[in-house]
Amino acid sequence: MKIEAKNVHVYYGSDHVLKGVTLSIKKNTVTALIGPSGCGKSTFLRCFNRMNDLIENARVEGEIQIEGVDIYHPKINVNELRKTVGMVFQKPNPFPKSIFENVAYGLRVNGVKDNALIEEKVESSLRGAALWDEVKDKLKKSALALSGGQQQRLCIARALAVEPSVLLMDEPASALDPISSTKIEELIYSLKANYTILIVTHNMQQASRTSDKTAFFYMGDLVEYDDTRTLFTNPKKERTQNYITGRFG
Amino acid sequence: MGKKGKSKIKKRLKYFSNTRVYEYQDQAFKYFGLFCTLIGVVVLMLLLGDVLYRGLSRLDWDFIMGLPSRRAARAGIFTAWVGTLWIMVLTAVIAFPIGISAGLYLEEYNKRSRLSNIIEINIANLAGVPSIIYGLLGLELFARALRLGESVLTGALTLSLLILPIIIVSTREALKAVPYSIREGSYALGASKWQTIWFQVLPAGVSGIFTGVILSLSRAIGETAPLIVIGALTFVPFVPEGVLDSFTVLPIQIFNWVSRPQKEFSENAAAAIIILLSITFIMNGIAVYIRHKWQKKVKW
Ligand SMILES: Nc1ncnc2c1ncn2[C@@H]1O[C@H](COP(=O)(O)OP(=O)(O)O)[C@@H](O)[C@H]1O
Ligand SMILES: [Mg+2]
């Protein structure tokens, strides 16, 4: 068992937005988190790399273990955790630097100084994110000049460079055109071999195509969690049924 | 489309025909705005023209490199502009690091504490305090209590106090303009807060910060009142060689000359104003250039 969330509650001030979520995720699988807007998918995702720590009034309760390590233990180094658990955001957020420096940044803040090693890692990460061929001749150019889809793949490459074992993706394709979106989808599929992936998505087709397991959230509760095929073809709860057939949300 | 539908549209068009009024409003405001803009530009041009007309003939190498004199025709502004340069550099050295650090601290490290709120309100108020008050503070604190006298250092410290609020506020504004997603991206890669600020936030905000500090400095070199209060002299026949020497600056020299009745002195003043304005314009130009250049690079 790779990732285990036990009875996770999240509060924003007095708002109780995640109400005791328990689920376990196997290594090298893709898990899709679905549900209507505001049901707590992003909040749940941010628990795994403790990005909620940055939100002033957010409070997380319960337990999350990654390979047996309690990531909310006081002795945990949050910066190390975030290197192990990478994240890709909804809106591509490349740094206002060159393409090369975007990918190299994670290594540099890790104290890697060996330029040959950095170059090697940049290339392999860009290849891993299926971007290398498009940018290999303009690595020194600003990342902001790339298209939205390319920027998002750059953000994935950036995350891959620090060698995470888990990747969190919060609606990574929702801001992109259909072609770029498909590319990201294919990329997620290819990354599965080496990473454990949690992906938030609003796109039912995307969820059913890319994921092994799907978790359906509704108003802070985990309503149903099952194999993707089972959940989409034979949901046990009516809520799930209504949601995936588009009857609400 | 049937007859009925047609008449419906007609009715609708008629119903909306009074939106014409908004178009007139729009036009009217456009011309009013243009008029206001023109007033500003024309007045500025007239002033500039007047100064150039009166001062340009007086402006030559001897004037720029000449020492002060009681005879208008022989007087130069060498000590004055060198004094202004001294003040400029020293003020920058003192005020920039302190102001930028303070802005950084308030914006990134202490955003929502009560202390920070109180400081914020006070800084906003300080920015509106008349500059002569800073002069009095400088006189008491630096010239008298710290016994720095009427020195360049006293002047620079006083002007530093004067522009610190501006630097702090503009630094905070520049940092605020850096999108949160950049910080998020950095933290998500395991960067520490220090690394995130140092490698991402500051570089992304640097053009805004520089623009702010340069503009604040160009304000400082135009200040006259506080320097008169701390006792900067008009007649300084030598340039300062150290931070404790006495000094004069261009605005004080100009102030002195315009207060004399003779026409020759007012010509001197106009010529000195040209130099002072040139320095200010150059600095503002640098600020604009920096902003323009970085904006092209940093966009989101
Ligand atoms: N930083 C925050 N502060 C306060 N409330 C928040 C914050 N972020 C999210 N919320 C609230 O928490 C709930 C869950 O949000 P979120 O996890 O973003 O939902 P989802 O990603 O499923 O759309 C929403 O009601 C939202 O308004
Ligand atoms: Mg969300």
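The basis for the numbers below is simple: all heavy atoms, side chains too, and nothing from hydrogens, waters or symmetry mates. Protein chains get the first letters and strands the later ones, always in sequence-line order, with residue 1 at the start of each.
- Across every non-hydrogen atom of A:M87 and B:A188, the tightest pair is CB-CB, 4.1 Å.
- Interface summary for chain B: among A:R50, A:M51, A:E80, the most heavy-atom pairs under 4.5 angstrom belong to A:M51.
- To the nearest 0.5 Å, atom OH of residue B:Y187 and atom CG of residue A:N49 are 13.5 Å apart.
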Run the side-chain contact (heavy atoms from CB on, under 4.5 Å) check on B:Y180 and A:L54 step by step: do they pass?
CA-CA 11 Å; B:Y180 183 67; A:L54 300 172; 3.6 Å; yes

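- Checked by atom type and distance alone, the side chain of A:N93 never pairs as donor or acceptor with a backbone atom of B:I182 at under 3.5 Å.
- With a 4.5 angstrom heavy-atom cutoff, A:P164 does not touch chain B via any of its atoms.
- From A:F89, atom CZ reaches atom OG of B:S181 across 8.5 Å, with rounding to the nearest 0.5 Å.
- The neighbour count for A:I179 CD1, taken as heavy atoms of other residues, nucleotides or ligands under 6.0 Å away, does not exceed 12.
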Begin from the C-alpha positions of B:Q200 and A:Y105 and carry the test side-chain contact (heavy atoms from CB on, under 4.5 Å) through to its verdict.
CA-CA 10 Å; B:Q200 297 296 348; A:Y105 180 69; 3.2 Å; yes

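- Residue A:K141 places its NZ atom among 12 or fewer non-hydrogen atoms of other residues, nucleotides or ligands, all under 6.0 Å distant.
- Note that CZ of A:R46 and CD of B:E184 are 7.0 Å apart. Values are rounded to the nearest 0.5 Å.
- Put simply, the side chain of A:R82 does not reach to within 4.5 Å of the side chain of B:L189, judged on heavy atoms.
- Summarising the local packing, OH of B:Y289 is surrounded by 12 or fewer heavy atoms from other residues, nucleotides or ligands at distances under 6.0 Å.
- By the 6.0 Å contact criterion, CZ on A:F100 is enclosed, its count of non-hydrogen atoms from other residues, nucleotides or ligands being greater than 12.
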